[in-house]
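Note on naming: letters A, B, ... go to the chains in the order of the sequence lines (proteins, then strands), and numbering restarts at 1 for each one.
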There are 2 protein chains.
Amino acid sequence: MTIQYAILGLLSWRPSSGYELKKVFEDSTYLYWSGNNNQIYKSLLQLQKDGMIQYETIHQDGSPSKKIYSVTAKGMSELKEWIITAKEAPEFKKPFLIQLAWADMLSKEELAGLLTKYEKEIEGQLIQQKEKYDREKDWPNRSQRETFLWNMISVNLMSTYQSELTWVRKVRAQLARIEE
Amino acid sequence: MTIQYAILGLLSWRPSSGYELKKVFEDSTYLYWSGNNNQIYKSLLQLQKDGMIQYETIHQDGSPSKKIYSVTAKGMSELKEWIITAKEAPEFKKPFLIQLAWADMLSKEELAGLLTKYEKEIEGQLIQQKEKYDREKDWPNRSQRETFLWNMISVNLMSTYQSELTWVRKVRAQLARIEE
DNA sequence: TGTCTCATGTAAGGGGTTACATGATTCC
DNA sequence: GGAATCATGTAACCCCTTACATGAGACA
């Protein structure tokens, strides 16, 4: 998918500047882009050219002017259309599995170390995700249903990490038995 | 990470031609590249230029000549070094979560439909994964340990899909309760 | 006759990343 | 004095994808 629908969604929730969008992308997990300027500012330009969004320039003293973008009627119907029809499979990229595939060339200790390192890494990510979840709890939602959906998004990410953690612990335990 | 380490790994397991590698990538899930020519043939060229692999041209009558690549000593130590030191976080890209984030604008029926569609899709992917796992069972492995590791890779992918499935079913059930 | 498999490559373009560039204000 | 925040944008580059190109034999 394109980042453009994510931007359209964010702006439908709250009109923002490119700079604000950047920050949202930076600390969101499910909006999986890095939030680099190139992508955001170019997408905003393109969406505006396509009539999906419009902007209002806000002059501020003390800090630079900014463009606050909001979604047009056309943009809203395009967004809804995408939400209903889009059917994009999730992508799971786990370089660790590739490491593991050729890890038979490692010693017992090296392999155990590899697994431990991965376990620690996933633990860290799970903790981070929990912190993000706690922070998001204070966000104002528009409805009880939306609150539920946003909760479920966080739950999804946490259970993904949790499942990965459960798996790596099982691998470690079983391997310990195999290598006496 | 680069596809080059994946290629190095595959060649360390069994010397192959670009064409053979392409097929392996095409029906592997954990080797998450599409297996397009451009990437494979360019990587082979690069790896050879870097002294990681070497090739032997096999002339065949009836079908075109092919280059069978194998890993050099330098390539083997580079591969091992990467396996031990690489620390790349897994990437989870789920466009569905972005759809869900703005799905509060949908009717009860539209939202239910969205969830059902996703559930079916994940079910399909889980079945496919199980089939691949069954096919791989017949592959010749070099050791009991390698057999174990390769099994665990399949288990990882299946439990990822399974966890996603469990989650979407829970969302559907809870949502049904919220909307009476 | 047309499509499939074997086999190696190239071209064009999209998506994504880091780093560069500018400039005022605020905070340590 | 130096870094961080606010704010918008550009340049260079890498990774990855689809599609194109060639050419022989097999099979329906």
Undergrad: Please check if the distance between the ring centroids of A:Trp150 and A:Trp13 is under 6.0 Å.
TA: yes
Undergrad: When the distance from CD1 of A:Ile40 to P of D:dT10 is rounded to whole Å, what number comes out?
TA: 14 Å
Undergrad: What verdict does the side chain to side chain donor-acceptor pair (under 3.5 Å) test give for B:Lys94 and A:Thr160, after you've listed the backbone C-alpha separation in whole Å, the side-chain angles of each residue and the deciding distance to 0.1 Å?
TA: CA-CA 11 Å; B:Lys94 310 185 187 184; A:Thr160 298; 2.6 Å; yes
Undergrad: So, is B:Asn36 near the phosphate of D:dT17, with a side-chain N or O under 4.0 Å from OP1 or OP2?
TA: yes
Undergrad: Could you check whether A:Phe92 and B:Tyr30 have their ring centres less than 6.0 Å apart?
TA: no
Undergrad: Figure out the CD1/C1' separation between A:Ile3 and C:dT17, and round it to whole Å.
TA: 12 Å
Undergrad: Mind calculating the distance between NZ (A:Lys42) and P (D:dA12) to the nearest angstrom?
TA: 11 Å
Undergrad: Using the 3.5 Å cut-off, write out each protein N or O paired with an N or O of nucleotides 3-9 of chain D and the distance between them.
TA:
from  : atom 1 : to      : atom 2 : distance (Å)
D:dC6 : OP2    : A:Tyr19 : OH     : 3.0
D:dA7 : OP1    : A:Gln60 : OE1    : 3.1
D:dA7 : OP1    : A:Gln60 : NE2    : 2.7
D:dT8 : OP1    : A:Lys67 : N      : 2.8
D:dT8 : OP2    : A:Tyr19 : N      : 2.9
D:dT8 : OP2    : A:Tyr41 : OH     : 3.1
D:dT8 : O4     : A:Asn37 : ND2    : 3.4
D:dG9 : OP1    : A:Lys67 : NZ     : 2.8
D:dG9 : N7     : A:Asn37 : ND2    : 3.3
D:dG9 : O6     : A:Asn37 : ND2    : 2.6

Undergrad: What integer distance in Å separates B:Asp61:CG from C:dC6:P?
TA: 17 Å
Undergrad: Phosphate oxygens OP1/OP2 of D:dC15: is one of them under 4.0 Å from a side-chain N or O of B:Gln39?
TA: no
Undergrad: Atom CH2 of B:Trp33 and atom P of D:dC14: how far apart are they, to the nearest Å?
TA: 18 Å
Undergrad: Any ion pair linking A:Glu179 and B:Arg145 (charged N to carboxylate O, less than 4.0 Å)?
TA: yes
Undergrad: Rounded to whole Å, please give me the gap between CD in A:Gln46 and P in D:dT10.
TA: 13 Å
Undergrad: Output yes when B:Glu26 and B:Lys23 qualify as a salt bridge under the 4.0 Å nitrogen-oxygen rule, no when they do not.
TA: no
Undergrad: Atom CZ of A:Phe25 and atom C1' of C:dG15: how far apart are they, to the nearest Å?
TA: 14 Å
Undergrad: Under 30°, 30 to 60°, or over 60°: which ring-plane class applies to A:Tyr5 and A:Trp82, parallel, tilted or perpendicular?
TA: parallel
